[in-house]
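Notes follow once the structure below has been shown.
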There are 4 protein chains.
Amino acid sequence: MVTAMHSSTERSGRTGRPRSVEADAAILGATRDALVELGWSKLTLGDVATRAGVAKTTLYRRWAGKNELVVDAVAVLFDELELPDLGSLAADVEDVVLQFARLLERPETRTALMAVVSESTRDDALRARIRSSIVERQKRLVLEGRQRAQERGELPVQSDDEAAARTADLIFDVVAGAVVHRSLVSAEPVDRAWAASFVRLLLNGLTHV
Amino acid sequence: MVTAMHSSTERSGRTGRPRSVEADAAILGATRDALVELGWSKLTLGDVATRAGVAKTTLYRRWAGKNELVVDAVAVLFDELELPDLGSLAADVEDVVLQFARLLERPETRTALMAVVSESTRDDALRARIRSSIVERQKRLVLEGRQRAQERGELPVQSDDEAAARTADLIFDVVAGAVVHRSLVSAEPVDRAWAASFVRLLLNGLTHV
Amino acid sequence: MVTAMHSSTERSGRTGRPRSVEADAAILGATRDALVELGWSKLTLGDVATRAGVAKTTLYRRWAGKNELVVDAVAVLFDELELPDLGSLAADVEDVVLQFARLLERPETRTALMAVVSESTRDDALRARIRSSIVERQKRLVLEGRQRAQERGELPVQSDDEAAARTADLIFDVVAGAVVHRSLVSAEPVDRAWAASFVRLLLNGLTHV
Amino acid sequence: MVTAMHSSTERSGRTGRPRSVEADAAILGATRDALVELGWSKLTLGDVATRAGVAKTTLYRRWAGKNELVVDAVAVLFDELELPDLGSLAADVEDVVLQFARLLERPETRTALMAVVSESTRDDALRARIRSSIVERQKRLVLEGRQRAQERGELPVQSDDEAAARTADLIFDVVAGAVVHRSLVSAEPVDRAWAASFVRLLLNGLTHV
DNA sequence: CCTTAAGCGAGACGGTACGTCGCGTCTTACG
DNA sequence: CGTAAGACGCGACGTACCGTCTCGCTTAAGG
């Protein structure tokens, strides 16, 4: 679960009516629903509040704006991704690629991810939120996959920790970037055939194809 | 050159006052300027019109909205990319990667590209416009690079044309996607070191690092 | 007929294509049609031009704007009014009152007359045009009616010409004003009963009712 | 006082921020000011809002459009009219006629009254608003004047209430119509001399002049 | 017959106002 | 103090007409 994103969990002051606990979930759910129906650009906070059965003030008390709200609403979706153990690095990566592609086919993910990234180019706080809520959180997949491949002897162990981290970052950008670009920019399907040829390229390189 | 983007070049009817030819260039230039200053989300068509010394109606007469206008305004920037001949495939690719990274550092490209891609997930006409104006147009870099590498003997010649096209698409998505993801999503610098390690991975694959 | 309203009849210069003679009639007719359908406030000159099968430039070449055009288009309607000879002043006046009321029931007259009067409060040229095209032209009805009543011995002959003119103006304002106010402001029907009681008041005065 | 013109006085629901009470007065005042400066046709709601120190949306939340707003803004001016007691019916009527003429000389009344009447020919709701806010409200002058004249013995008492009401309506249309027509359509001054001859005609009739 | 010059249709142009929508803030009364 | 409700100031939207301005074509009269 994504916790403590926008407000500390413990009560800061003692007095007064406590914040409704159901409201947060209702708002995030309503945000996802609205994203599916309307897409990023037509999503309005007033509409989200209405759908959630909540006043607009309640929403603004908890999130700074559309961007922050959508990041929180969407981040949790990426936690669905899981690295299977299919016996080989190639099979594992191919499976994750296809999982990720399925995720990007869902309208709420499709439209929201690029939009908040676009906004984040002018907003450092938003960029940090995206990194911590989505990017860093999902690097676990690369780390687990490498670990498992090393245990299987498919990949060598890098002794330099820093270099190993850089390599993990590189792989993450290549895999995530390629899938996102294929799916959203080139607007071509990420099917099993494409995934297979991508994994082949990733593992063996251009010169060994 | 980017021609006939939003209207056929030849006069459709012969009557009536012809459209001002200067206006198009002025509007696209003003759009780029406004993108630099304001970013995608604060860019308004009224402001663009004012900067271009043009009435808002003229702008709406030629483009359907913000998305279409920005695609046209930004597409031309990608034409700056050039494939150098540095003697080896690795050096050539590294150079293009760095050129592309420089392009993505410019505020107008940064903010606009992801935004229109995000919008395009809900708008087929916009997606098609992006593909024809940007994506397909820049695949030339992959094709030229492969041609040159094949002439040098660095890459084998693929006899199956269709398979060769699929490979070119794959390489394009991997290169462009990785750079975009590194630069905009991970929000880490694409410097010479990263470019070098990316090219190494691209050419040799994970298992040959 | 209303002639020489907006352009002198004789050709000023000699050369060049002469103005189309059908256009004037077509435009005025189209204006009346549009007034019936749309009313004053929704009537647009572009629409009138289209209905008349004429370019907007042609229209502007002949009239200065909406007000002037509508005055010319409507003025001719008031020429329909005729003073019958029904044997008594009371009967004659009652008949004209009812004719005038019928005229004011027509949508083009209803909506246009008050609108141009309203505009004329800020535009001296327009006020003059209304006076000469409509008001002065219809005073003939009062003059004829008085003449006939004097011949019948129903009204005394005023020897002072200036005073006689003032009286005619007064009667005109009272009759026209009462009918317009009843019909358009009070929005009550001008039927035979009302006309009869109005004529009784006009002829005998309040104190002799 | 003109009350409850466009919204009921009591709060309909009890929740939510109440409408600003100052705003109404500020808007109506700004409307009258703008009418004086600009006249009906150049008056814009955006400008009125600015003058009133109010957002355009606030204005649209309370009035349906220019017509309704102007009726409300102008109606109150007619409440200034007062029936003096100058000792005779003739003197009283003459005074009210001159008061009314002064009112119609004011630019806001001049331009607005005819304009809204013109619009009302196509808009039943507007017509009803004009009747209740202006016409019916000012009939009090006729009723009071007749009452006083009857007390003085200048006019007989009509026993039939319905007939008496019809006569009052008739007198109202004749007086108001004559003054409006003289002032706005004929565009001649309503001075003491004209008022005197009008009252003479009204009281004694054409045949007793 | 040919030039000349104005009229004409079409439609793009710079403007201005429109009436609406969403933003993020505020002011109520209630819990 | 949190909350639902909803009015507020603000600013951009996309549209509609305005009255003007090119265009290329048509239509006479005068040379």
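The chains referred to below are lettered A, B, ... by the order of the sequence lines, with proteins before strands, and numbering in each begins at 1.
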Which residue, A/R129, A/K66, A/R62, forms the salt bridge (Lys or Arg N to Asp or Glu O under 4.0 Å) with A/D72?
A/R129
Can you name the atoms? Protein N/O to nucleotides 11-13 of chain E N/O, anything below 3.5 Å, with the distance.
{"unit_1": "E/dA12", "atom_1": "O4'", "unit_2": "B/R17", "atom_2": "O", "d": "3.1"}
{"unit_1": "E/dC13", "atom_1": "OP1", "unit_2": "B/S20", "atom_2": "N", "d": "3.1"}
{"unit_1": "E/dC13", "atom_1": "OP1", "unit_2": "B/R62", "atom_2": "NH2", "d": "2.1"}
{"unit_1": "E/dC13", "atom_1": "OP2", "unit_2": "B/R61", "atom_2": "NH1", "d": "3.0"}

Quick check: on DNA chain F, is the nucleotide nearest A/V21 upstream (toward 5') of the one nearest C/K42, or the reverse? Name the residue that is more 5'.
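It is A/V21 whose nearest nucleotide is closer to the 5' end.
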Qualifying residues under side-chain hydrogen bond (donor to acceptor under 3.5 Å, both in side chains), relative to B/E68, sequence neighbours excluded:
none
Apply the test side chain to side chain contact (heavy atoms under 4.5 Å, CB included) to residues C/W63 and C/V71: give CA-CA distance (whole Å), side-chain angles for both, the deciding distance (0.1 Å), then the verdict.
CA-CA 10 Å; C/W63 285 275; C/V71 173; over 6 Å; no
Atom-to-atom span, [atom1] of [X] to [atom2] of [N] - whole angstrom:
X: C/D47; N: F/dC17; atom1: CG; atom2: C1'; value: 11 Å
X: D/W63; N: E/dC18; atom1: CH2; atom2: P; value: 15 Å
X: C/N67; N: F/dC18; atom1: CG; atom2: P; value: 12 Å
X: A/L59; N: E/dG22; atom1: CG; atom2: C1'; value: 14 Å
X: A/Y60; N: F/dA4; atom1: OH; atom2: P; value: 15 Å
X: D/L45; N: E/dT16; atom1: CG; atom2: P; value: 17 Å
X: A/W40; N: E/dG22; atom1: CH2; atom2: P; value: 15 Å
X: C/L69; N: F/dC18; atom1: CG; atom2: P; value: 11 Å

Kindly indicate whether the side chain of D/V116, heavy atoms from C-beta on, has any atom under 4.5 Å from the side chain of D/W40.
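D/V116 reaches D/W40 side chain to side chain.
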Is the shortest heavy-atom distance from the side chain of B/V76 to the side chain of B/L28 under 4.5 Å?
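They are not in side-chain contact.
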Pairwise 5' ranking along DNA chain E for D/G46 and A/T44, keeping only the more 5' one
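In this pair, the answer is D/G46.
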What does A/G53 touch in the nucleic acid at a heavy-atom separation under 4.0 angstrom: a base, only the sugar-phosphate, or nothing?
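Sugar-phosphate, backbone atoms only, no base.
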Can you name the side chain to side chain contact (heavy atoms under 4.5 Å, CB included) partners of C/A34, sequence neighbours left out?
C/L38, C/L43, C/D47, C/V48, C/R51
For B/A112, enumerate each residue passing the side chain to side chain contact (heavy atoms under 4.5 Å, CB included) test, keeping only those at least two apart in sequence or located in another chain.
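Here the qualifying residues are B/L35, B/V70, B/V74.
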Report all side-chain donor-acceptor pairs from residues 54-61 of chain D shorter than 3.5 Å, counting only partners two or more places apart or in another chain.
none

At 10 degrees resolution, what angle do the end axes of the helix from E/dT3-F/dA29 to E/dG31-F/dC1 form when each is taken over five base pairs?
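Helix axis angle between the two ends: 20°.
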Out of curiosity, D/T121 OG1 to D/R127 CZ, how far, rounded to the nearest 0.5 Å?
7.0 Å
